[in-house]
Number of protein chains: 2
Amino acid sequence: MIEILIADDHAMFADGLESILEGQEEITVKSKCHDGNGVIDYMADSKVDIILLDVNLPGMNGIEVCKEISTKYPDTKVIAISMFNEESIVTEILNNGAKGYILKNTGREELILAIKKVVAGESYFSKEVTETIMKSLMNQRKNSVKSNSILPKISRREKEVLKLIVEEFTTQEIADKLFISLKTVESHRSSLLAKLSARNTAGLVRIAMENNLI
Amino acid sequence: MIEILIADDHAMFADGLESILEGQEEITVKSKCHDGNGVIDYMADSKVDIILLDVNLPGMNGIEVCKEISTKYPDTKVIAISMFNEESIVTEILNNGAKGYILKNTGREELILAIKKVVAGESYFSKEVTETIMKSLMNQRKNSVKSNSILPKISRREKEVLKLIVEEFTTQEIADKLFISLKTVESHRSSLLAKLSARNTAGLVRIAMENNLI
DNA sequence: GTTAAAACTAGGGTTTTCACCCATTTATAA
DNA sequence: TTATAAATGGGTGAAAACCCTAGTTTTAAC
């Protein structure tokens, strides 16, 4: 039996969800909350398998609720529900532990499918949401490929040094690891600074990670 | 008119693609290649709008070809074609500039849709490929959420300082920007080192970027 | 097969960061 | 109310990073 908590401040919508789910014999709606704190309070006493969580909740918003639930109760999975298919919101709540994201115009069958998938340990997104994520993913790649192309070649030794710098080793430690002089490592650092047009270690690490040349 | 180059070492498959596409009056198959170098040579003389590129090509493999084409001829879009729906391959070729990825069991209509989408500047992926990407995306998030949870709270001022450190400003410059003393900034740096358990600036930047707290 | 460019090596001198030590004032939470 | 954390600032000294120069070796190009 899949136990569910519904969190939505629009009573009518929450009731609608409940009546849809009551038709399913393997699903029970344990309770309904109308704000973020209600969810936190409910979880302090009882547990459920799935929380259907409206992103725009009064008081404590959905993203904060999701973060707290995901860290405190990792066995409870959150499916975010929203009117909006905005990339920033989707990304934000997924980064905070939501296992699914469906839009409010989602049909009965899709909702039940989403719940079953998430219970099975998978994730589920509405078709439109998937498109949004993929679009933003491709934009990221476009940018990273662009910046990649202007990067000059980093030599084998320089790459070794860079890797160790990112791993927080000091110049002396790197010298010992590579069996070369402190001064040689400093030399490689200088070349790296010039090639990557960085001003200091911070820049080296940032550029190394942005272009993952580690 | 959309001009296409087909690159696949299985002649029969390449011919099949060609005959499918010949039925479309807005599409012309300009040529077919059977290895990676053939693609590079062809592009040196003529240009096309789309390359349907098999990932597993003899000689120069599809990923290298894709990288070279995407950087040299950004107007030519690459759609990767493969038998396999493996996350590592998909990620690799997308990172090297492919605009689409379809499986070899893709039907006629879907192939044509993919071509039209990519020509229009969008990207296209088979349903199965999309699922694979989303799955790996969620695994990444799962890991990053895990590591996030052990991070202590960074205060507002510390976050400001951290952001400027990542942007390659020196302590003195940060002090000037925030209208506070050099010593205060050093104080914040120390707190950051302790809280994020980093040894030096490199660690601060790495952790800041890994957990994107910028 | 010479030549030029890049890579790898390293020393001297300067600037920045870091590690301790400390203190005051102001929010925030228990 | 009483700690606890945040934000501010100071001094000293060591360690690390950075800048400039320069020799040898390897690689690439002509």
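By convention in this document, chain letters (A, B, ...) are assigned in the order of the sequence lines, proteins followed by strands, and residues within each chain are numbered from 1. Since we're looking at a predicted model, the values are computed, not measured.
Note on A:K195: only backbone sugar-phosphate atoms sit closer than 4.0 angstrom, heavy atoms only; bases stay farther off.
The nearest whole Å value for the distance from the CD1 atom in A:I154 to the P atom in C:dC8 is 11 Å. Atom CD1 in A:I174 sits roughly 16 Å away from atom C1' in C:dT9 (whole-Å rounding). In this structure, the CD1 atom of B:I180 is 12 Å from the C1' atom of D:dA6, given to the nearest Å. Atom CZ of A:F179 and atom P of C:dC8 are 17 Å apart (whole Å).
Within the structure, side chain to side chain donor-acceptor pair (under 3.5 Å) contacts touching residues 39-64 of chain A (residues at least two apart or in different chains) are A:N61-A:E64.
Shown here is A:M12, whose CE atom has no more than 12 heavy atoms of other residues, nucleotides or ligands within 6.0 Å. Within 6.0 Å of atom NZ in A:K67, 12 or fewer heavy atoms from other residues, nucleotides or ligands are found, so the atom counts as exposed in its surroundings. Around atom NZ of A:K159, no more than 12 heavy atoms belonging to other residues, nucleotides or ligands sit under 6.0 Å away.
Within residues 160-168 of chain A, no residue has a heavy atom under 4.0 Å from DNA chain D.
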For residues 176-183 of chain B, which side-chain N or O atoms pair as donor and acceptor with protein atoms under 3.5 Å away, sequence neighbours left out?
residue : atom : partner : partner atom : Å
B:D176  : OD1  : B:Q172  : NE2          : 3.2
B:S181  : OG   : B:K183  : N            : 2.9
B:K183  : NZ   : B:E186  : OE1          : 3.1

Report all side-chain donor-acceptor pairs from residues 200-207 of chain B shorter than 3.5 Å, counting only partners two or more places apart or in another chain.
residue : atom : partner : partner atom : Å
B:N200  : OD1  : B:A202  : N            : 3.3
B:N200  : OD1  : B:G203  : N            : 3.2
B:N200  : ND2  : A:E168  : O            : 3.2
B:T201  : OG1  : B:R189  : NH2          : 2.9
B:R206  : NE   : A:V166  : O            : 3.3
B:R206  : NH1  : B:E210  : OE1          : 3.2
B:R206  : NH1  : B:E210  : OE2          : 3.3
B:R206  : NH2  : A:E168  : OE2          : 2.3

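Listed by chain and number, the residues in a salt bridge (charged side-chain N to carboxylate O under 4.0 Å, His left out) with B:E122 are B:K117 (sequence neighbours excluded). Taking A:E167 as the reference, A:K163 meet the salt bridge (charged side-chain N to carboxylate O under 4.0 Å, His left out) condition, with sequence neighbours excluded. By the salt bridge (charged side-chain N to carboxylate O under 4.0 Å, His left out) test, B:E87 is found to be paired with no residue, residues two or more places apart in sequence or in another chain being considered. Every residue was checked against the salt bridge (charged side-chain N to carboxylate O under 4.0 Å, His left out) condition with A:E92, not counting sequence neighbours, and none meets it.
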Open item on the list: As a quick check of understanding, evaluate side chain to side chain contact (heavy atoms under 4.5 Å, CB included) for B:K72 and B:M43, giving each step before the final call.
Closed with: CA-CA 10 Å; B:K72 272 196 185 167; B:M43 291 298 290; over 6 Å; no
Task: Stepwise salt bridge (charged side-chain N to carboxylate O under 4.0 Å, His left out) test for A:E160 and A:R156 - done: CA-CA 6 Å; A:E160 284 183 277; A:R156 168 194 133 265; 3.7 Å; yes
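One finds the CD1 atom of B:I69 at 8.0 Å from the CG atom of B:L5 (value rounded to the nearest 0.5 Å).
A donor-acceptor pair under 3.5 Å is formed between the side chain of A:H34 and the backbone N or O of A:D8. Using a distance-only test at 3.5 Å, with no hydrogens or angles considered, no donor-acceptor pair links the side chain of B:S197 to the main chain of B:A194. No donor-acceptor pair closer than 3.5 Å links the side chain of B:S126 to the backbone N or O of B:V129.
Of the side-chain N and O atoms in B:R157, one or more sit less than 4.0 angstrom from OP1 or OP2 of D:dT8. Within the 4.0 Å cut-off from OP1 or OP2 of C:dA6, not a single side-chain nitrogen or oxygen of A:S155 is found. Contact annotation: A:H188 does not reach the phosphate of C:dA7 (side-chain N/O to OP1 or OP2, under 4.0 Å). The side chain of B:T184 places no N or O atom within less than 4.0 Å of a non-bridging phosphate oxygen (OP1 or OP2) of D:dT8.
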I'd like a list of close polar pairs between nucleotides 14-24 of chain C and the protein, N/O only, cut-off under 3.5 Å.
residue : atom : partner : partner atom : Å
C:dT17  : OP2  : B:T171  : N            : 3.0
C:dT17  : OP2  : B:T171  : OG1          : 2.8
C:dC18  : OP1  : B:T201  : N            : 2.7
C:dC18  : OP1  : B:T201  : OG1          : 2.9
C:dC18  : OP2  : B:R189  : NE           : 2.9
C:dC18  : OP2  : B:R189  : NH2          : 3.4

Sort me out a list of protein N/O and nucleotides 24-27 of chain D N/O pairs below 3.5 Å, or just none if empty.
none

Could you go over nucleotides 27-29 of chain C and give all protein N or O partners under 3.5 Å, atom names and distances?
none

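End-to-end axis angle of the helix from C:dG1-D:dC30 to C:dT28-D:dA3, from C1' rotation axes over five pairs per end: 70° (rounded to 10 degrees).
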